[in-house]
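Below is one structure, written out as structure tokens; the observations come after it.
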Amino acid sequence: MYKIKKGDIVGRISYGKDILFTVKNIVKRKDGKKVAILKGLILRIEADADIEDLELIEKKQVRNHIRNLEDKCEDKVKRCSRRNINNNKIEDRIFLGRSEEKKNGKILHLDGDKRYTDKSIKYYRKLGLEAVVRNVPENRQEYVVMDLLNRYNPDILVITGHDGMIRNGTGYNDIYNYRNSKYFINTVKEAKKWVNKTGKDLVIFAGACQSYYEALVAAGANFASSPARVLIDFLDPLVVAEKVATTEEYKYITINDIADELRDGTKGINGIGARGKKKS
């Protein structure tokens, strides 16, 4: 019988293998049973499961999931590119034919997942956006964010990775019922200290699957996940960052301007909104 090991792609039998996970680590409980720490292959969720409840996913199915993600990325890039071209044409007409180049906002993106970090870099590059993406574990982000903000002086900060509720469907206001929300919250608070010190109008996105939305917004995030404690897509934080980066400074963005492009709309992401960061 095959033994599940770190790095395997698996599904949870008790959940009908509805989500594909990468095995992040395997630990032993006090009773001696082995438990796998899991992170979503294409969803920003973290979970755990008994080894006996896991089944290795066939390579063909894994390839299909990854191909679907790549196709989704390409589709998003094409739609965003078309939208930006159309917006630029409209702006040129508004400004009496002037075609001075406008500069998109600069993005600093902290991601707890190495695979997502690499994919995010490719996504931003294809869109021609200026973005610095760093793979930083969720529990380390609060300790490095100040230095990175000082170094790169971004207009937009993305704080993400994996998250999830330990007891799903209960304990919504219990910070200890979330796997990584406390780290995201602390990172937002550190970023707000930088804002207060520099006076920079920094737009912040924070969170992942099932994150403690209310606490993230209270800490200072402009956009956050997840109001309905649902799963969010790998691309959702990037879509928000792209929209803010490519929207003119005189326009105020609300979640209604973005919702249709997100996995679950306002159930997955919401917030107080922000001004665009595209400069003339």
Side-chain angles (χ1 to χ4, degrees), residues 22 24 37 39-40 42-46 73 104-125 127 129-164 175 178-198 200-213 215-226 231-245 258 262 268-269 271 274 277:
T22 302
K24 180 181 177 182
I37 309 301
K39 56 184 181 180
I42 62 173
L43 296 172
R44 291 186 173 277
I45 186 170
E46 184 169 299
C73 288
N104 292 322
K106 184 176 181 180
I107 301 164
L108 172 61
H109 178 131
L110 307 186
D111 206 312
D113 188 297
K114 178 63 167 65
R115 182 179 295 177
Y116 289 1
T117 300
D118 296 339
K119 290 186 180 299
S120 297
I121 291 170
K122 291 179 182 177
Y123 179 84
Y124 289 130
R125 281 179 180 170
L127 284 174
L129 295 174
E130 185 179 4
V132 176
V133 187
R134 292 289 180 266
N135 173 220
V136 183
E138 292 85 353
N139 63 355
R140 293 291 307 161
Q141 291 176 356
E142 64 185 281
Y143 302 109
V144 304
V145 68
M146 189 72 75
D147 178 62
L148 293 173
L149 288 169
N150 283 326
R151 187 183 307 175
Y152 297 110
N153 191 32
D155 302 296
I156 303 146
L157 173 65
V158 176
I159 302 162
T160 190
H162 292 276
D163 205 354
I175 188 60
Y178 297 86
R179 297 179 185 277
N180 289 318
S181 287
K182 57 183 174 292
Y183 305 127
F184 296 143
I185 292 165
N186 288 342
T187 307
V188 172
K189 289 179 178 178
E190 287 298 306
K192 293 302 287 186
K193 290 179 185 177
W194 181 80
V195 168
N196 292 335
K197 182 176 68 174
T198 62
K200 181 93 173 188
D201 181 24
L202 181 70
V203 177
I204 302 174
F205 171 92
C209 284
Q210 299 182 326
S211 288
Y212 193 170
Y213 167 78
L216 287 166
V217 172
N222 298 81
F223 298 95
S225 60
S226 165
L231 307 182
I232 72 167
D233 195 84
F234 149 72
L235 277 170
D236 283 352
L238 285 72
V239 169
V240 175
E242 179 273 333
K243 182 67 174 179
V244 175
I258 310 171
L262 304 172
I269 293 171
K277 291 299 178 181

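Since this is a predicted model, take the numbers as computed values, not measurements.
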Quiz item: Do Tyr213 side-chain atoms and Gly271 backbone N/O form a donor-acceptor pair below 3.5 Å?
Solution: yes
Quiz item: Excluding sequence neighbours, so at least two apart, what forms salt bridge (charged side-chain N to carboxylate O under 4.0 Å, His left out) with Asp155?
Solution: Lys200, Lys279
Quiz item: Within a reach of under 6.0 Å around CZ of Arg115, are more than 12 heavy atoms found that belong to other residues, nucleotides or ligands?
Solution: no
Quiz item: Can you name the ring pair (Phe, Tyr, Trp, His ring centres under 6.0 Å) partners of Phe234, sequence neighbours left out?
Solution: Tyr116
Practice problem: Determine, step by step, whether Asn186 and Tyr143 satisfy the side-chain contact (heavy atoms from CB on, under 4.5 Å) criterion, reporting the C-alpha distance in whole Å, the side-chain angles of both residues, the deciding distance to 0.1 Å, and the verdict. | Solution: CA-CA 9 Å; Asn186 288 342; Tyr143 302 109; over 6 Å; no
Quiz prompt | Ser225 side-chain N/O to Ala208 backbone N/O, donor-acceptor pair under 3.5 Å | solution = yes
Practice problem: Find out whether Asn153 and Lys106 are in side-chain contact, i.e. whether some heavy atom of one side chain is under 4.5 Å from a heavy atom of the other. | Solution: no
Exercise. Could you tell me the separation between the CG atom of Asn150 and the OG1 atom of Thr198, rounded to the nearest 0.5 Å?
Key: 8.0 Å
Quiz item: Judged by atom type as modelled, is there a donor-acceptor pair below 3.5 Å linking the side chain of Asp113 to the main-chain atoms of Gly161?
Solution: no
Quiz prompt | Side chain proximity check, Ser211 to Ile232, heavy atoms < 4.5 angstrom | solution = no
Quiz item: Which value, rounded to the nearest 0.5 Å, describes the distance between Leu202 atom CG and Lys277 atom NZ?
Solution: 7.5 Å
Quiz item: If you measure from CG on Leu149 to CH2 on Trp194, what distance do you get to the nearest 0.5 Å?
Solution: 5.0 Å
Self-check item: Nearest non-hydrogen partners of Met146 and Glu190, listed with the distance
Solution: CE-O, 3.4 Å
Practice problem: Indicate yes or no: does Lys119 engage Asp111 in a salt bridge with an N to O separation below 4.0 Å. | Solution: no
Exercise. Check ring pair (Phe, Tyr, Trp, His ring centres under 6.0 Å) between Tyr124 and all other residues, then give those that pass, not counting sequence neighbours.
Key: His109
Self-check item: Side-chain touch Val145/Leu110, heavy atoms, less than 4.5 angstrom
Solution: yes
Quiz prompt | Sole residue of Val188, Val136, Asn180 in side chain to side chain contact (heavy atoms under 4.5 Å, CB included) with Gln141 | solution = Val136
Quiz item: Looking at Pro237 and Val158, what are the two nearest heavy atoms and their distance?
Solution: CB-CG1, 4.0 Å
Practice problem: Starting at CG of Leu216, measure out to OG of Ser226 and round the result to the nearest 0.5 Å. | Solution: 10.5 Å
Quiz item: How many angstroms lie between atom CD1 of Ile121 and atom CZ of Arg134, to the nearest 0.5 angstrom?
Solution: 7.5 Å
Quiz item: Closest heavy-atom contact between Ala241 and Ile156?
Solution: O-CD1, 3.9 Å
Quiz prompt | Within-4.5 Å side-chain heavy-atom neighbours: His162 and Lys24 | solution = no
Practice problem: For the residue pair Leu148 and Val132, establish whether any side-chain heavy-atom pair is separated by less than 4.5 Å. | Solution: no
Quiz item: Looking at side-chain heavy atoms only, is the closest gap between Phe205 and Ile269 below 4.5 Å?
Solution: yes
Practice problem: Find out whether Lys192 and Ile204 are in side-chain contact, i.e. whether some heavy atom of one side chain is under 4.5 Å from a heavy atom of the other. | Solution: yes
Self-check item: Steps toward side-chain hydrogen bond (donor to acceptor under 3.5 Å, both in side chains) verdict (Ser181, Asp163)
Solution: CA-CA 7 Å; Ser181 287; Asp163 205 354; 2.6 Å; yes
Quiz item: Taking atom OG1 of Thr187 and atom NZ of Lys182, what is their separation to the nearest 0.5 Å?
Solution: 11.5 Å
Exercise. Considering only NZ, NE, NH1 and NH2 on the basic side and carboxylate oxygens on the acidic side, decide whether Lys122 and Asp118 come within less than 4.0 Å.
Key: no
Practice problem: For the residue pair Glu242 and Asn104, establish whether any side-chain heavy-atom pair is separated by less than 4.5 Å. | Solution: no
